[in-house]
Amino acid sequence: MTLIYIDLKRYFSFDLKKCMHSGQIFGWKNFGKKWYGFLNKVPVCVSQEENKLIVVSNKSITEDDIIYFFNLDEDVDKINKKIDVNDFMEKAIELYCGIRVLRQDPVETIIEFVCAQNKNIPAIQKTITEISKRYGEKAEMNGITFYGKPNIRKIAKSKLSEILETGIGYRAKYLLSTAEKISEDSTYVDKIRSMEYFSALNAMTSGKMKLYGVGLKVADCILLYGFYKLEAFPIDVWILRAYHYALKGFYDENLLSVNGFRKTKLSRKEYLLMGDVARKVFGKYAGYAQLYIYLASRSLFGGSKKF
DNA sequence: CTTAGACCTGA
DNA sequence: CAGGTCTAA
């Protein structure tokens with residue numbers, strides 16, 4: 001049994017709950033202040049008490065593993081200063097201070113975000129849990145059962161009909177094809193990791209390395225949350241809703257409107273252009289800016305769905 | 001290169 | 001409709 005206390009006063013502002021609710025991680029079980037899930041393939045229970053982060057596990061895990069996964073030693077002040085470009089961003093940073101881009105496993109994020117497309121957060125949580133139940137490792141702590149992220153090889157070897165039983169719907173064929181491709185090429189992940197952001201984005205969405213079911217938005221999520229490529233700026237419906245506020249004055253607003261209405265869909269070219277604007281404004285921390293904008297947008301336009 | 005529809009499922 | 005992508009035209 002391992003019990004680790006981390007003194008958060010040594011690090012920049014950190015908020016576990018905000019991280020877990022930021023839409024970058026799915027499949028963890030939440031009971032009160034405790035979060036159950038797998039960290040570096042090890043089942044853990046994580047909770048936060050003011051200035052302490054508490055991690056319990058019945059297997060071996062180190063403080064460094066935890067610092068790395070939650071990115072505790074990130075220089076958030078530097079990032080926040082860089083992306084605080086207007087009142088909207090200032091407010092978003094103030095409200096969602098303590099957030100981090102986590103360092104999840106690349107393959108796990110590929111699975112997560114292929115499944116996440118065109119679903120709402122509760123549905124995503126449910127799907128990921130169902131897939132983990134079938135293709136992931138089982139664990140139990142404090143009488144609570146939870147599952148690790150799905151094993152990609154197991155998925156690759158299974159039948160479409162089996163995957164469909166998880167309620168994943170039409171994404172099943174995407175997941176199977178992607179699982180097969182990554183399982184067949186043991187160097188796939190390393191290749192993406194070694195590429196510059198833009199090359200990696202192109203590789204995953206076009207050409208020989210393309211993953212079926214991975215478009216620009218999903219690829220950006222994977223590169224940001226799974227590969228820690230902070231230039232990635234995933235543009236989903238929430239970012240589109242808030243784009244006008246977050247990046248006012250930095251782009252030609254005609255690009256986002258049709259007949260006076262806000263566009264709800266972007267062409268590949270438009271998507272890349274909007275991302276480039278964000279990267280020009282927020283520099284190499286575009287991904288962090290995206291997290292703040294996403295959270296602010298949900299609380300502004302998402303009704304009661306905010307936390 | 002752009003743009004409608006279709007697409008599973010469930011809240 | 002939902003943190004989109006694929007396909008055909």
Side-chain angles (χ1 to χ4, degrees), chain A residues 19-27 96 99 101-102 104 108-131 134 159-178 181 201-202 204-207 209-226 232-243 246 254-259 261-275 278 286-287 289-307:
Chain A
C19 289
M20 297 310 247
H21 278 298
S22 61
Q24 63 177 306
I25 184 162
F26 303 100
Y96 301 105
I99 197 87
V101 172
L102 305 177
Q104 298 181 72
E108 291 174 4
T109 57
I110 291 171
I111 298 170
E112 278 180 302
F113 286 95
V114 165
C115 300
Q117 63 181 71
N118 204 18
K119 277 179 177 287
N120 51 32
I121 302 269
I124 297 169
Q125 292 282 11
K126 197 182 171 201
T127 303
I128 300 298
T129 302
E130 282 304 312
I131 293 182
R134 284 178 169 269
K159 299 226 181 297
L160 199 63
S161 56
E162 292 177 290
I163 300 176
L164 276 167
E165 287 171 25
T166 60
I168 184 179
Y170 64 85
R171 305 154 197 83
K173 56 182 184 291
Y174 301 158
L175 183 61
L176 182 56
S177 165
T178 290
K181 188 144 193 169
L201 183 69
N202 274 322
M204 284 203 290
T205 56
S206 64
M209 287 179 78
K210 173 166 176 46
L211 300 177
Y212 187 44
V214 174
L216 287 170
K217 188 270 172 182
V218 169
D220 263 340
C221 285
I222 293 167
L223 290 173
L224 180 56
Y225 305 131
F233 187 80
I235 303 175
D236 56 39
V237 291
W238 296 101
I239 298 301
L240 268 181
R241 284 172 187 139
Y243 199 97
N254 291 320
L255 288 171
L256 273 191
S257 68
V258 272
N259 305 326
F261 289 97
R262 181 182 56 77
K263 272 191 187 166
T264 53
K265 237 178 165 180
L266 297 179
S267 70
R268 184 178 176 93
K269 194 175 166 185
E270 289 166 337
Y271 182 99
L272 293 171
L273 187 60
M274 302 275 90
Q290 190 268 0
L291 266 186
Y292 287 112
I293 298 167
Y294 171 76
L295 292 168
S297 179
R298 286 188 68 88
S299 86
L300 272 174
F301 310 117
S304 59
K305 274 180 273 182
K306 65 182 173 184
F307 62 91

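Order of the sequence lines sets the chain letters (A, B, ...), proteins ahead of strands, with each chain counted from 1.
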**Asked** Using the benzene-type ring in the case of Trp, are the ring centres of Tyr174(A) and Tyr212(A) under 6.0 Å apart?
**Response** yes

With sugar-phosphate meaning primed atoms plus P, OP1 and OP2, does [X] contact a base, only sugar-phosphate, or nothing at under 4.0 Å between heavy atoms?
X         : result
Arg171(A) : base
Lys263(A) : nothing
Glu112(A) : nothing
Leu164(A) : nothing
Gln24(A)  : base
Lys265(A) : base

**Item:** Selection residues 109-125 of chain A - residue pairs positive for salt bridge (Lys or Arg N to Asp or Glu O under 4.0 Å), sequence neighbours left out
**Value:**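 Listed by first then second residue: Glu112(A)-Lys149(A).
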
**Within residues 121-131 of chain A or reaching into it, pairs that qualify as salt bridge (Lys or Arg N to Asp or Glu O under 4.0 Å) - sequence neighbours excluded** =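 Counting only pairs at least two positions apart or across chains, the salt bridge (Lys or Arg N to Asp or Glu O under 4.0 Å) contacts touching residues 121-131 of chain A are Glu130(A)-Lys133(A).
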
**Message:** Using only modelled atom types and a 3.5 angstrom limit, is any donor from either the side chain of Tyr170(A) or the base of dG4(C) paired with an acceptor on the other?
**Reply:**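 Yes.
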
**Request:** Using the C1' atom on both, measure dT5(C) against dA11(B) and round to a whole Å.
**Result:**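 Roughly 22 Å separates the two C1' atoms.
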
Are any of [X]'s side-chain N or O atoms less than 4.0 Å away from OP1 or OP2 of [N]?
X         : N      : result
Lys119(A) : dC1(C) : no
Lys173(A) : dT5(C) : no
Lys210(A) : dC6(C) : yes

**Asked** With a 4.5 Å heavy-atom cut-off, do Phe26(A) and Ile121(A) have their side chains touching?
**Response** yes

Roughly, in whole Å, what's the span from [atom1] in [X] to [atom2] in [N]?
X         : N       : atom1 : atom2 : result
Ile235(A) : dT5(C)  : CD1   : P     : 11 Å
Phe113(A) : dG4(C)  : CZ    : P     : 11 Å
Ile124(A) : dA2(C)  : CD1   : C1'   : 8 Å
Ile121(A) : dC1(C)  : CD1   : P     : 19 Å
Leu216(A) : dT2(B)  : CG    : P     : 12 Å
Asn120(A) : dG10(B) : CG    : P     : 12 Å
Tyr294(A) : dA2(C)  : OH    : P     : 12 Å
Leu266(A) : dT2(B)  : CG    : C1'   : 13 Å

**Asked** Counting side-chain heavy atoms from C-beta on, which of dT7(C), dC7(B), dT5(C) comes nearest to Tyr212(A)?
**Response**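 Closest nucleotide to the Tyr212(A) side chain: dT7(C).
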
**Asked** Are the charged groups of Lys265(A) and Glu270(A) less than 4.0 angstrom apart, N to O?
**Response** no

**Leu160(A) CG to Ser177(A) OG distance, which is reported to the nearest 0.5 Å** =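 One finds 10.5 Å between CG of Leu160(A) and OG of Ser177(A).
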
**Request:** Please check if the side chain of Ser299(A) supplies one atom and the backbone of Ala296(A) the other of a donor-acceptor pair under 3.5 Å.
**Result:** yes

**Request:** Using atom types as modelled and distance alone, determine if a side-chain donor or acceptor of Tyr243(A) lies under 3.5 Å from a backbone N or O of Met274(A).
**Result:** yes

**Whichever of Val214(A) and Gln290(A) has its nearest DNA chain C nucleotide further upstream toward 5'** =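 Its nucleotide being nearer the 5' end, the pick is Gln290(A).
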
**Asked** Reading DNA chain C 5' to 3', how would its secondary structure be written in dot-bracket notation, given Watson-Crick and G-U pairs with both distances under 3.5 Å, brackets [ ] for crossing pairs and | for partners on other strands?
**Response** ||.||||||

